[in-house]
Amino acid sequence: MAAPGSAIKHTFSSLVKQKPPKTSPTKSRGTMAVSMKEVDPVFQAAGQKDGLEIWRIEKLQVVPVPKESHGKFFTGDSYVILKTTALKNGSFRHDIHYWLGKNTSQDEAGTAAIKTVELDAALGGRAVQYREVQGNETEKFLSYFKPCIIPEEGGVASGFRHTEVNEREHQTRLFVCRGKHTVHVKEVPFARSSLNHDDIFILDTKSKIFQFNGSNSSIQERAKALEVVQYLKDTNHDGKCEVAAVEDGKLMADADAGEFWALFGGFAPLPRKPFSELNGKDSASTSKLLCVNKGQTAPIDSEILTRELLDSTKCYLLDCGSEIYAWMGRETTLEERKRAGSAAEELLREGNRSRSHIIRLMEGFETVIFRSKFDKWPKKADAVVSDESRGKVAALLKRQGFNFKSPAKAAPVKQEPQPQIDCTGNLQVWRVNGSEKTFLSFSEQCKFYSGDCYIFQYTYPGENGDECLIGTWFGKKSVQEERSAATSLADKMIESLKFQAVLVRVYEGKEPIEFFPIFQNLVIYKGGTSTGYKKFISEKGIEDDTYSESGVALFRVQGSGPENMQAIQVDTAASSLNSSYCYILHDGDTVFTWIGNLSSSMDQELAERQLDVIKPNLQSRLLKEGSEYDQFWKLLGVKSEYSSQKIVRDQESDPHLFACTFSKGVLKVREIFNFTQDDLMTEDIFILDCRSCVFVWVGQRVDTKIRAQALNIGEKFLELDILMENVSRETPLYVITEGSEPQYFTRFFTWDFAKSAMHGNSFERRLSIVKDGVKPRADKPKRRPTTSAHTGRSSVPDKSQRSRSMSFSPDRVRVRGRSPAFNALAANFENPNARNLSTPPPVVRKQLPKSVSPDSSKPPPRTASIAAISASLERPKATLIPKSIKANPEANKPQTEASKPKPETNAKEINPTNDNPAATPTVQEDVKESQAEGEEGLLVYPYDRLRTSSTNPATDIDVTRHICRQQSSEKGLE
C-alpha cells in the first residue's frame, strides 16, 4: 500500500490540471479565488464558536464526527480537525490539522489535504494548517486530546480492506511513551526486544498495568507517562485495576519487577538504542527558502532571510528540516496554493523525511516560530482583513445557491474582574539609600519619588492563610546602583522567609493591577531624596527638580476608587493635560483643580480627595476645561494642544506557558499548549506570559543555584521577546515558588491547592494518585472577602456609601479592617490639625466656606459631624452594642507628637509608624478588650439611643466632638 504522502501528490496533480470553472471568481487582496466546486458546504458553519470540530473522510466525503467520539482515531482513516480559540480581544484564532492514519488510503489522504485548504478558504484564509502523520503528531495537536491519543486498528471501507476493532476480550498491549511535557504514545510489539533504557513503557494486562521506567528516562517523563496509565486504567478497566511501577535495573528481588519480567519470559539485558532512533525528527543545519512557480521550486540565494524576500503574489517553501512551511501570499489563487502544498509533499518524499511536518501559512497570519526564522520581522499588525475575506466567501456561496451563514463576529470574551489583592493586610516600605534601606513611617510610605527605589513587604489574608508579597519599585529616574541594591536586598528578604513569599519587580508607569490596591492612595513626586540620586545629579550637573510644596507643580489624578487612587506629578506644561483626567495645579498656596471634559464623576471625587493629601486645608479653585483663568495658563507656561485619549496600560492577553532550561546564561523555552496545573513539574521552572505581566514559577525541586537565577531568567525572557510582541523590558515580573501561588496567578488554571502541597518528586506524587486511587481535593478553600482598609466593608462601595473616612491623609493612622462606628469614634485620637476626613465629599465639604481655613482649635461644624456619624452608625449591626469611650482630658488641646494618645497594639495587625517595625502602634478592636473596659464602670447604651434620629438620644455623647463624655465623672471633662 502506498504511503499517505504519495496519495496527496496524485490528488493534487489531478486537481491542478483541471480547467477553472466558467464562473469567474472575485479576486481581491486578502481573498483567494473560490468557486462553488472548491468549497465544501459542510464547512459553512465552521469556526464560529470556541472548541473542536472534527470531520472524517468517508467515501471521499467529509462527515462530522460526534463530540463524544473526539479523540478516537482509526489507523485506516483520515481526519480534518479544526481548533477554534476565542481570544480576549474578541477575535477567533483557527488552527486546522489533517491527520493521516498509517493505513489510510491514497484517495482519503489526498481528500483530507484538499478539504483542509477549502476549510481555510471558508474561514477567510486566516487559519494555520498542519499535516499530522500517525506517530509523529505535533505537540499542539496532541494538546487537544490530553493526556494522549491511542489510534485503534480499522477504519471506514474506502479503497482498502476494513479491519474490525476487536472488542471481545482484553488483549495485553505494550506502549512506548516519549515526551517530557507532551506524551507521544505508540503501540509496539509485546516483546522484550521492544524495551530499552531510554524510554518509558506501559504494559496493559487484564488485571494490572505496569509502567517500566528506562534508566535514562527523566523524572518528568515518568510522571507524564503515569497520566497515560491513568487514562488506560479509566478507559480499559473502568478505574479498577492494580498499577505497578518497575524501575530499570531492579531484578527479581522486587515483586512487581519479578511479575513484569515473567510476562516476557524472564529477565535479560536490554540493548541500547542507537542515536538515530533517539532522534524523533528529521533535522537540517540551516533554513532554505524556495519559491514555488507552477508547481516547481527554485531556491532563493540570500545569506540572511528577510521579510522583503516574500512576495504577496507568490507562494514559498521554507525548509527547516523538521518542518516545512508553505507560505502563501494574499494575492495568490487557490490553484497556486494547492500547487505549493503538492511541492511541499514532493520535497518530503525526495528526502525520505516522513517525520517532518508541513505547516501552511497565509500572509498576515504567520506563527511566531515562522517569523523567528527571519531577521527583524516587522511588528505584526492586527489582521483586519480576515472577517472581510470570509464575508466575501459567504456572499459568493449565497449567489451560487448555498445557504451560507454570514460570518458571525466573535463575541468579545467577557473579562472577569481580576481578583484584587486583599487590602486588609500589613504594609511596610523602605527607601533605598545607596546600598542600604531606610524604613519609612506610615505618613511617608505612600509618597514615592521618581528618582528613588523602594522595597515593600505586604502580608495579607490569602487562599490558604497569610500570603506575603515582597517587591521593588524603580522610579523612572532612579540610578542603576540603587536598583541593583534594591534587588539584592529584596532577594535577601525572600531568602530569609525561605522563599515562601512572592517577589515582584515593578517599574514606574508599568505597575501591575495588584500594586495600587496595596498602597490605596499613592502620590508620586518628581525628583528624589536618596543619596544615590543626589550624588548622580550632582556629578552630572543636572538641575534638581525634586518636588517642593512652595513651588509650582502639576499632578494628574487617576484611579478606580478610594481604595485605588494615585496622584502623579507631571511636567508643568499644558501638553501634560488630558481631557480624560482631573489635575491639581499649585503654586505655593494657590491651588487649582482642573476638570477634563471627558473625566467621570469618580475622577472628580478622587481629585477632591487628593487635595487632602497634597494641599490639606487650602482652598482650591475649580476650573472646568474650556473656562480656565489666565493665571492658570501662565503657570503652565503657554497654552498649547493636549491629548484627550485616556492612557491605556498594557492589556492582558491570552496567557502562554513556557517550560524553561537555563544553562551558562543561555535561556531556552518550549511552549506548553492548552496547559493545566499538571503541566507544572516540581523539578522545573516555567514562565507564564500574560503580556501585561510575566510570572516565573519555580518548582520546589529546582536546584538552588538555578532558583537564585529566577529573576534573571524572567529578564532574559523579556529580552528575547519570545512571542515577538515588542514587549517592554520593564514589564512587571513576578517570581513565585511552588506552594506559595497567589490568586492572581492561580486564576489562569483550574487550581487544586492540595496538588501543590504534595511531597515528593513529580513521579512520586502522580504515582500516589494513580496507584492508590486517591485524587487531590478539587474544592478550593473559601477566600476571605476583600475589604476596605478603612471601613471593613467588602470591595469598593458604591458612591452613596463612600465617606471621607475612606480617604487617606499623611497624618492619619491607617488601621485596616476597622468598623465604620469605630472609625468615627476613633477620629478624636487623630491629628486635629488635619482636615476632618470623615465627612463625605462633595456635599458636606462644601458647607465649609472654601475661602476660610478651618480653625483647628475649634470643633468642626455640627452638621458635618452629624452627617459623618449618621453615615457610620445608621447601618444596623444586630450583634454589636457600641460602648462609650473614656474621654481624654487633653482632648480639647492641640496635640503634639509627644502628647498624642498611644493606641493599643494589635499583634495581628501591625502598621509601621516609625523606623522600628516591631514597635508599631495600631488601634485595638478586640471584643474582650471592650468587655474589659465595660467592667470599669463605663456607660453602655442601647443601639437605638445612639442613632441621631433617636427620639431619646444618649445625652452623654457629644456628636460634635466624636467622643463619649461621662458628664457625671469625677474627672470633670468640661
Side-chain angles (χ1 to χ4, degrees), residues 180-181 218-221 279 283 285-287 304-305 320-322 368-369 371-377 432 435 453 455 470-472 474 478-495 499 501-507 510 655-672 675 679-691 693-738 745 762:
K180 181 178 178 180
H181 302 292
S218 67
I219 294 295
Q220 297 92 323
E221 290 175 314
N279 185 18
S283 60
S285 56
T286 58
S287 299
I304 300 176
L305 295 179
C320 302
S322 57
V368 172
I369 297 179
R371 286 183 279 139
S372 67
K373 306 291 184 182
F374 292 76
D375 183 59
K376 297 180 180 178
W377 187 279
V432 177
S435 59
C453 296
I455 302 173
I470 293 177
T472 56
F474 301 151
S478 58
V479 297
Q480 184 58 46
E481 292 78 4
E482 292 188 335
R483 292 183 181 184
S484 300
T487 301
S488 176
L489 292 169
D491 286 340
K492 292 179 181 178
M493 295 171 66
I494 291 286
E495 187 175 356
F499 301 97
V502 175
L503 175 67
V504 61
R505 186 214 62 188
V506 179
Y507 282 89
K510 292 287 185 178
H656 297 262
L657 183 68
F658 298 89
C660 303
T661 56
F662 188 70
S663 177
K664 297 180 180 179
V666 178
L667 175 65
K668 295 182 180 180
V669 299
R670 189 186 194 99
E671 184 168 3
I672 309 299
F675 59 85
D679 290 314
L680 301 176
M681 298 285 189
T682 186
E683 297 81 13
D684 292 331
I685 290 180
F686 291 83
I687 290 180
L688 184 67
D689 184 1
C690 310
R691 187 173 184 177
C693 61
V694 170
F695 300 91
V696 181
W697 185 90
V698 183
Q700 290 283 3
R701 296 277 178 136
V702 172
D703 183 81
T704 53
K705 293 182 179 179
I706 300 297
R707 183 197 299 268
Q709 295 291 323
L711 188 62
N712 188 28
I713 290 173
E715 292 175 339
K716 287 281 187 182
F717 179 84
L718 292 175
E719 180 182 348
L720 292 174
D721 192 13
I722 301 297
L723 297 177
M724 300 183 71
E725 295 179 335
N726 291 339
V727 64
S728 171
R729 296 182 66 176
E730 296 183 355
T731 299
L733 194 58
Y734 290 87
V735 177
I736 298 172
T737 302
E738 180 185 14
F745 173 80
S762 299

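Keep in mind that the numbers below use all heavy atoms, side chains included, and drop hydrogens, waters and symmetry copies. Counting begins at 1 with the first residue of the sequence. Nothing here was measured: the structure is a model prediction, and the numbers come from that model.
- Distance alone, capped at 3.5 Å, is enough to place a donor-acceptor pair between the Thr737 side chain and the Phe499 backbone.
- Counting only distance, with no hydrogens or angles, the side chain of Glu221 and the backbone of Ser218 share a donor-acceptor pair below 3.5 Å.
- Judged by distance alone, the side chain of Glu683 and the main-chain N or O of Ser762 form a donor-acceptor pair under 3.5 Å.
- Annotation: Phe675 is not in aromatic contact with Phe686 [ring centroid separation under 6.0 Å not met].
- Side-chain atoms of Thr682 come within 3.5 Å of backbone atoms of Gln700 as a donor-acceptor pair (strictly under, hydrogens ignored).
- Closest non-hydrogen pair, Ser435 versus Leu489, comes out as O-CD1, 3.9 Å.
- Heavy atoms of other residues, nucleotides or ligands lying less than 6.0 angstrom from CG of Leu720 number more than 12.
- One finds the CG atom of Leu718 at 5.0 Å from the OG1 atom of Thr731 (value rounded to the nearest 0.5 Å).
- Applying the side chain to side chain donor-acceptor pair (under 3.5 Å) test to Lys180 and every residue at least two apart in sequence or in another chain returns nothing.
- Side-chain atoms of Ser488 never come within 3.5 Å of backbone atoms of Ser484 as a donor-acceptor pair (strictly under, hydrogens ignored).
- Pairs engaging residues 708-727 under the side-chain hydrogen bond (donor to acceptor under 3.5 Å, both in side chains) rule: Arg505-Glu715, Gln709-Asn712 [sequence neighbours left out].
- Between the CD1 atom of Ile687 and the CD1 atom of Ile672 there is a distance of 12.0 Å, given to the nearest 0.5 Å.
- At most 12 heavy atoms of other shown residues, nucleotides or ligands fall within 6.0 angstrom of atom CD in Glu495.
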